[in-house]
Trainee: 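One structure coming up, written as structure tokens, with questions to follow.
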Amino acid sequence: MTIPILICDDSALARKQMARTLPKDWDVEISYAANGAEGLEVIRAGKGEIVFLDLNMPVMDGYEVLQAVQQQDLPALIIVVSGDIQIKAHERVKALGALDFIQKPVSADAISNILQEYGILTLTQGQQAEDTPMVKVDMRDACQEIANVAMGRAADLLAKLLDVFVLLPIPNVNVLEVSELTMALKATERSSTVSGLCQGFIGAGIAGEALLLFHDSSFEDMAKLMGLENPDDINTEIEVMMDTGNVLIGAFLNGISEQLDMKFSQAHPVVLGRHCSVNELIHDNSEKWQRTLAMEINYRIEDYNIQCDLLLLFTEDSIPTLNYKLGYLLD
């Protein structure tokens, strides 16, 4: 009997990757949803007996979907598929009724093992998951999914080091001129001043700079979590920025390099500015960047007044190589 499957993820690339990793001889009918609200409608319509669910989505996220399914007793077995690999994320989705958790990027073996472990998988010759409708993917969507996975790796490392839960957003990805950068930054929506550092990186055909914007109101709580005294001292602030940057930038670049199958070399981090507005910081360093591909991640730590924004700025010359690398994921 054909099993109705729902793949719920805001990334078209992630939906495509998920669909093609399902067992080829599994008798299924696949539906897709780009956010949790759409996903719930599909489940209520009886087309989501088994659900592969992302956590970070617009409109309604994965946690809210799990809660709604649990509260409304909807007939769905849910497997979370996410780049957020924090232990506390695993614990929370299990508490909300998720059957299991799969780390992005997904693999056919991981999917098959979980399906067989729970007795879900029934193989019928001649029926293939690839026969489902094609999912259209563009390069911006692919970059956003790459950033999503890398973001989760960096958050997991920070969470383990500080014993906290890092709240993850939907990555913001744009190709823009530097004059447009401050308008695109979500950090500019907040009026607080920031301190910033940057760290250059380079690989085969790809180069850029990672920019960490650390909200000044975050120094005190972050210093406490790190066990540092005198949070208002200039040396303590710089140490907090450097340590945070080493964790987030290093793990994020490693996450990207693994997905693109390449290595990055990193320069030493440099403080760009302290206690200034985002506009001032970007303007004072605008000669560093021209047209750029920007990935922005807004990290927050639950129960603490800590916010920092990680921005990866790829040079314009890097875009053709990125497109070439991403093409392998789109095939």
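Because only heavy atoms are used, hydrogens play no part in the values below, and waters and symmetry mates are left out as well, while side chains stay in. In what follows, residues are counted from 1 in the order of the sequence shown.
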Trainee: Please assess Glu49 against Leu77 for the test side chain to side chain contact (heavy atoms under 4.5 Å, CB included), listing each intermediate value before the final yes or no.
Mentor: CA-CA 6 Å; Glu49 184 176 316; Leu77 296 176; 5.9 Å; no
Trainee: Mind checking whether Asp109 and Ser107 have side chains closer than 4.5 Å, heavy atoms only?
Mentor: yes
Trainee: Does any donor atom in the side chain of Ser318 or Thr321 lie under 3.5 Å from an acceptor atom in the other side chain?
Mentor: no
Trainee: Nearest 0.5 angstrom please: Gln199 CD to Glu209 CD, how far?
Mentor: 9.5 Å
Trainee: Would you check if there is a donor-acceptor pair between the side chains of Glu296 and Asn298 at a distance under 3.5 Å?
Mentor: yes
Trainee: In Å, rounded to the nearest 0.5 Å, how long is the span from CG of Asp309 to CG of Leu248?
Mentor: 10.5 Å
Trainee: Looking only at heavy atoms, what is the nearest atom pair of Asn35 and Ala37, with distance?
Mentor: OD1-N, 3.0 Å
Trainee: Which residue is it: Ile79, Val106, Ile78? I am looking for the one with a side-chain contact (heavy atoms from CB on, under 4.5 Å) to Phe52.
Mentor: Ile79
Trainee: Would you say His215 and Asn305 are linked by a side-chain donor-acceptor pair, where the criterion is simply a distance under 3.5 Å?
Mentor: no
Trainee: Indicate the ring-plane relationship of Phe201 and Phe264, choosing parallel, tilted or perpendicular according to the 30° and 60° boundaries.
Mentor: perpendicular
Trainee: Looking at CG of Leu162 and CE of Met222, how far apart are the two atoms once the value is rounded to the nearest 0.5 Å?
Mentor: 5.5 Å
Trainee: So does Ala108 get a backbone contact from the side chain of Ser112, meaning a donor-acceptor N/O pair under 3.5 Å?
Mentor: no
Trainee: Do Ile170 and Pro58 touch side chain to side chain, with heavy atoms closer than 4.5 Å?
Mentor: yes
Trainee: Could you tell me which non-hydrogen atom of Gly152 sits nearest to which non-hydrogen atom of Ile85, and how far apart they are?
Mentor: O-CG1, 3.9 Å
Trainee: Should Val51 and Ile111 be counted in the same cluster of Ile, Leu, Val, Met, Phe, Trp and Tyr side chains packed under 4.5 Å apart?
Mentor: no
Trainee: Hey, is Arg44 close enough to Glu41 for a salt bridge, meaning N to O under 4.0 Å?
Mentor: yes
Trainee: Check whether Asp141 reaches the backbone of Ala12 with its side chain - one donor and one acceptor, N or O, closer than 3.5 Å.
Mentor: yes
Trainee: Would you kindly confirm whether Tyr304 and Ile297 end up in one hydrophobic cluster when ILVMFWY residues are joined by side chain heavy atoms under 4.5 Å apart?
Mentor: yes
Trainee: What pair of heavy atoms forms the shortest contact from Val271 to Met242, and how long is it?
Mentor: CG2-CE, 3.9 Å
Trainee: Taking atom OH as the centre, does Tyr324 end up with more than 12 heavy-atom neighbours from other residues, nucleotides or ligands that are less than 6.0 angstrom away?
Mentor: no
Trainee: Below 4.5 Å, heavy atoms only, C-beta onward: do Asp221 and Leu225 meet side chain to side chain?
Mentor: no
Trainee: Can you list the steps and then say if Lys88 with Glu302 is a salt bridge (Lys or Arg N to Asp or Glu O under 4.0 Å)?
Mentor: CA-CA 11 Å; Lys88 291 185 179 180; Glu302 187 176 64; over 6 Å; no
Trainee: Looking at Lys104 and Glu145, is any side-chain nitrogen of the basic one under 4.0 Å from a carboxylate oxygen of the acidic one?
Mentor: yes
Trainee: Does any part of the side chain of Leu310, heavy atoms only, come nearer than 4.5 Å to the side chain of Phe252, both counted from C-beta?
Mentor: yes
Trainee: Please confirm whether the backbone N or O of Ile146 pairs with a side-chain atom of Gln259, one donor and one acceptor, at under 3.5 Å?
Mentor: yes
Trainee: What is the distance from atom CE of Met60 to atom CD of Gln67, rounded to the nearest 0.5 Å?
Mentor: 9.0 Å
Trainee: Do other residues, nucleotides or ligands put more than 12 heavy atoms under 6.0 Å from the CD atom of Glu229?
Mentor: no
Trainee: Among Thr21, Val149, Asn148, find the one that has a side-chain contact (heavy atoms from CB on, under 4.5 Å) with Pro105.
Mentor: Val149
Trainee: Roughly how far, to the nearest 0.5 Å, is CG of Leu53 from CD1 of Ile7?
Mentor: 11.5 Å
Trainee: Hey, what do you get for CE (Met295) to CG (Leu211), rounding to the nearest 0.5 Å?
Mentor: 14.5 Å
Trainee: With a sphere of 6.0 Å drawn around CD1 of Ile87, does it hold more than 12 non-hydrogen atoms of other residues, nucleotides or ligands?
Mentor: no
Trainee: If the threshold is 4.0 Å, N to carboxylate O, is there a salt bridge linking Arg274 and Asp216?
Mentor: no
Trainee: Where the side chain of Asn174 meets the backbone of Leu176, is there a donor-acceptor pair that is under 3.5 Å apart?
Mentor: no
Trainee: Of the non-hydrogen atoms in Tyr32 and Leu6, which two are nearest, and what is the gap between them?
Mentor: C-CD1, 4.0 Å
Trainee: Side chain to side chain contact (heavy atoms under 4.5 Å, CB included), that's the test. Do Val173 and Leu293 meet it? Break it down for me.
Mentor: CA-CA 7 Å; Val173 177; Leu293 169 67; 3.8 Å; yes
Trainee: Taking Glu280 for its side chain and Ser277 for its backbone only, find out whether a donor-acceptor pair lies under 3.5 Å.
Mentor: yes
Trainee: Would you sort out whether Gln70 and Leu66 count as a side chain to side chain contact (heavy atoms under 4.5 Å, CB included), showing the intermediate values?
Mentor: CA-CA 6 Å; Gln70 192 176 62; Leu66 285 164; over 6 Å; no
Trainee: May I ask you to test the Trp26-Leu121 pair for a side-chain heavy-atom distance under 4.5 Å?
Mentor: yes
Trainee: Sub-3.5 Å donor-acceptor pair from the side chain of Lys47 to the main-chain atoms of Val42, do we have one?
Mentor: no
Trainee: Answer yes or no: is there a side-chain heavy-atom contact under 4.5 Å between Lys263 and Glu258?
Mentor: no
Trainee: Could you see if Phe219 belongs to whatever hydrophobic cluster contains Leu161? Use Ile, Leu, Val, Met, Phe, Trp, Tyr and a side-chain cutoff under 4.5 Å.
Mentor: yes
Trainee: Return yes if some donor-acceptor pair links the side-chain N/O of Thr292 with the main-chain N/O of Thr315 below 3.5 Å, else return no.
Mentor: no
Trainee: Work out which heavy atom in Asp100 is nearest to a heavy atom in Glu117; give both atom names and the distance.
Mentor: OD2-OE1, 4.5 Å
Trainee: Do Leu96 and Val65 have side chains that get closer than 4.5 Å, going by heavy atoms?
Mentor: no
Trainee: Output, in order, the C-alpha distance, side-chain angles, deciding distance and verdict of side chain to side chain contact (heavy atoms under 4.5 Å, CB included) for Leu213 and Leu197.
Mentor: CA-CA 7 Å; Leu213 306 179; Leu197 63 81; over 6 Å; no
Trainee: Closest approach of Tyr63 and Ala89, non-hydrogen atoms and distance?
Mentor: OH-CB, 3.6 Å
Trainee: Can a donor-acceptor pair be found, under 3.5 Å and without considering hydrogens, that links the side chain of Gln86 to the backbone of Val166?
Mentor: yes
Trainee: Please confirm whether the backbone N or O of Cys8 pairs with a side-chain atom of Arg15, one donor and one acceptor, at under 3.5 Å?
Mentor: no
Trainee: Do any N or O atoms from the side chain of Tyr299 and from the backbone of Met151 form a donor-acceptor pair under 3.5 angstrom?
Mentor: yes
Trainee: Looking just at side-chain N and O atoms, do Asp232 and Asn230 make a donor-acceptor pair shorter than 3.5 Å?
Mentor: no
Trainee: Check the hydrophobic clustering (I, L, V, M, F, W, Y; side-chain heavy atoms under 4.5 Å; chains of links allowed) and say if Leu168 and Phe165 are grouped together.
Mentor: no
Trainee: Just so I know, are the side chains of Asp27 and Met1 near enough to count as touching, which here means a heavy-atom distance under 4.5 Å?
Mentor: no
Trainee: Is Arg300 atom CZ crowded by more than 12 heavy atoms from other residues, nucleotides or ligands, each under 6.0 Å away?
Mentor: no
Trainee: If hydrophobic clusters are built from ILVMFWY residues whose side chains come within less than 4.5 Å, do Ile50 and Leu55 share one?
Mentor: no
